[in-house]
Structures are given as C-alpha cells and as structure tokens.
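Report on the structure given below.
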Amino acid sequence: MGFWRTFINTLLPPRCLKCGKVLSLQNGLCADCFNKIHFISEPMCYRCGRPFTSEMHLKSGAKHICGSCLKEKRPLFTIRRSAFMYDDESKNLILDFKFKDKIFYAETLANMMFVAGKDIWAENPNLIMPVPIHRLRLLKRRYNQSAVLVKYLSVKTGIAADYETLVRHENTVPQVQLSGQARRKNLQKAFAVAAPDKIKGKKVVLIDDVETTGSTLNECAKVLKKAGADKIYALTAARADV
Ligand SMILES: [Zn+2]
Ligand SMILES: [Zn+2]
C-alpha cells in the first residue's frame with residue numbers, strides 16, 4: 001500500500017486545491033492557503049454558530065446564545081454550523097467545487113465540516129441529507145455537490161444518509177440571479193418531503209456547500225418540520241451571512 005501510494009504520488013503528486021503547489025501529504029491545502037482560510041471557531045453562538053467578537057469575555061465550554069437567537073421563540077434549527085467564512089480567500093474553493101467539476105474537493109471540505117460539526121454529532125442525529133437540486137439541473141451539472149459531501153460525512157459519522165426523502169419539485173431559477181423578495185418567493189413550495197414516515201420523530205442534519213442568506217436551508221427545514229421531523233441541524237462548508 002505504501003509503495004503504491006508513493007508510486008501514484010510520483011506520477012500524480014497531490015496538489016494544493018487553491019494554488020496548485022505540490023504537497024507532501026494528501027491533505028488538500030498547502031500551509032499558506034490553509035492559514036488564509038477564515039475558519040470559524042469558538043467563541044460562537046451555540047445555536048446559530050455565528051462567531052462572537054473577541055472582546056466579549058465568555059466562559060469557554062458554556063453554551064452561549066446570541067441576541068437574535070434568544071429572540072426566536074420556536075427556533076427552526078437546533079444547531080447550525082459552518083467550517084469557514086465565504087470570502088475572497090475561500091470563494092474559489094466553493095465555486096470550483098460546485099460549477100467546475102472539482103468533485104475531488106469533496107473529501108477535504110467534508111473533513112473540515114466534520115470538525116465544525118462536533119456539537120451536532122454530539123446530539124446523535126438519525127439522518128443526514130443534502131439540500132436537493134432539481135433533476136434537470138442535476139442532468140446539466142451531473143452531480144449534486146451537497147450529496148457528495150453527505151456521502152463522505154455519512155461514512156465518517158456513521159449516520160445514515162438519505163438522498164430521496166427531501167425533494168426539489170420545481171425547477172426554480174438559480175437563487176444567485178434573484179434578490180430579496182424574489183428569492184423567497186422562488187423558494188417557497190420548491191421543496192417537499194416524499195415519504196414523511198421516514199423522517200417522523202427523527203433528528204435530521206441538512207448539508208449544503210455554502211449558506212449565503214440562509215433562505216434555502218430555512219425552506220428545507222420548514223418542510224421537514226411540517227412533515228414531523230423532531231430536530232433539524234444545518235452544517236455547511238462555508239457561510240456568508242455574518
Ligand atoms: Zn496553496
Ligand atoms: Zn445565534
């Protein structure tokens with residue numbers, strides 16, 4: 001095994017996903033690029049995962065909740081987490097993974113998400129599922145990037161993957177082409193639960209590559225809750241809404 005790994009690495013040395021520099025270990029990013037990624041770490045809101053500013057003196061280990069989460073009477077998500085900020089340093093990782101067939105990014109991103117999701121795994125969820133894409137867009141893009149992340153995360157956590165229960169049944173206009181009100185309208189009724197008995201009383205982890213406004217995850221969570229899910233968690237590689 002060691003010999004073959006060395007042999008393959010000589011032919012096709014692992015390269016940094018961002019800058020292309022040859023790496024000695026197959027770990028996705030070179031040290032320079034890794035250090036530039038704005039990973040989200042504690043202190044953060046225990047519920048929504050929003051980082052707190054460093055001036056706030058918070059007892060580590062305690063479950064602090066941010067102001068906007070405290071206002072929510074019936075929170076949609078029990079816990080939300082993201083591995084890093086969606087900014088100039090991380091943007092290309094996500095965009096290439098999503099639109100440029102860089103499917104091999106999935107393992108690195110899933111490893112980062114696995115670390116970021118520790119509070120979610122501690123709650124022993126029953127199912128892990130991707131934000132679905134419509135089958136016509138799936139044909140064009142050939143893979144659902146979130147489903148690929150689910151595949152890796154399901155193996156790492158041992159949580160059952162479900163790719164079929166949550167469906168996207170209208171070919172909605174890509175959200176990036178819309179703004180505000182139009183985005184929300186476009187998304188309403190876009191998702192449905194195909195088999196409510198599969199999620200009734202279950203703790204479900206929703207997976208997406210990036211959270212920009214949160215509206216897609218919100219709509220998914222709403223239909224899952226309506227169909228009887230007990231608790232919903234959301235885990236994304238990147239988030240933009242801070
Ligand atoms: Zn690099
Ligand atoms: Zn919060």
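Both ligands and their constituent atoms are indexed starting at 1 by order of listing. Start at 1 with the first residue, then count along the sequence. Quick caveat: nothing in here was measured; it's all calculated off a predicted structure. Below, each value reflects all heavy atoms present in this structure, side chains not excepted, and no hydrogens, waters or symmetry copies.
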* **N, O or S atoms of the protein lying under 2.8 Å from the Zn ion (ligand 1)** => Cys16 SG, Cys19 SG, Cys30 SG, Cys33 SG
* **Distance under 6.0 Å and angle within 45° of ring axis: Lys63 vs Tyr46** => yes
* For Arg239 and Thr212, test the side chains for any donor-to-acceptor distance below 3.5 angstrom and give the result as yes or no. => no
* Transitive ILVMFWY cluster of Ile103 at side-chain heavy atoms under 4.5 Å: who else is in it? -> Tyr143, Val148, Tyr152
* the Zn ion (ligand 2): protein N, O or S atoms [distance under 2.8 Å] -> Cys45 SG, Cys48 SG, Cys66 SG, Cys69 SG
* Taking everything shown except Glu72 itself, do over 12 heavy atoms lie less than 6.0 Å from its CD? -> yes
* Should the ring pair Phe34 and Phe39 be called parallel, tilted or perpendicular, given that the plane angle runs from 0 to 90° and is split at 30 and 60? -> tilted
* **Asn111 vs Thr108, side-chain hydrogen bond (donor to acceptor under 3.5 Å, both in side chains): CA-CA, chis, key distance, verdict** => CA-CA 5 Å; Asn111 284 339; Thr108 300; 5.6 Å; no
* **Whether over 12 other heavy atoms sit under 6.0 Å from Asn35 CG** => yes
* Asked: When you look at Asp208 and Ser146, which way does the side-chain hydrogen bond (donor to acceptor under 3.5 Å, both in side chains) test go after all the steps?
  -> CA-CA 5 Å; Asp208 210 353; Ser146 302; 2.7 Å; yes
* Under the 4.5 Å side-chain heavy-atom rule for ILVMFWY, direct or indirect, which residues accompany Val22? -> none
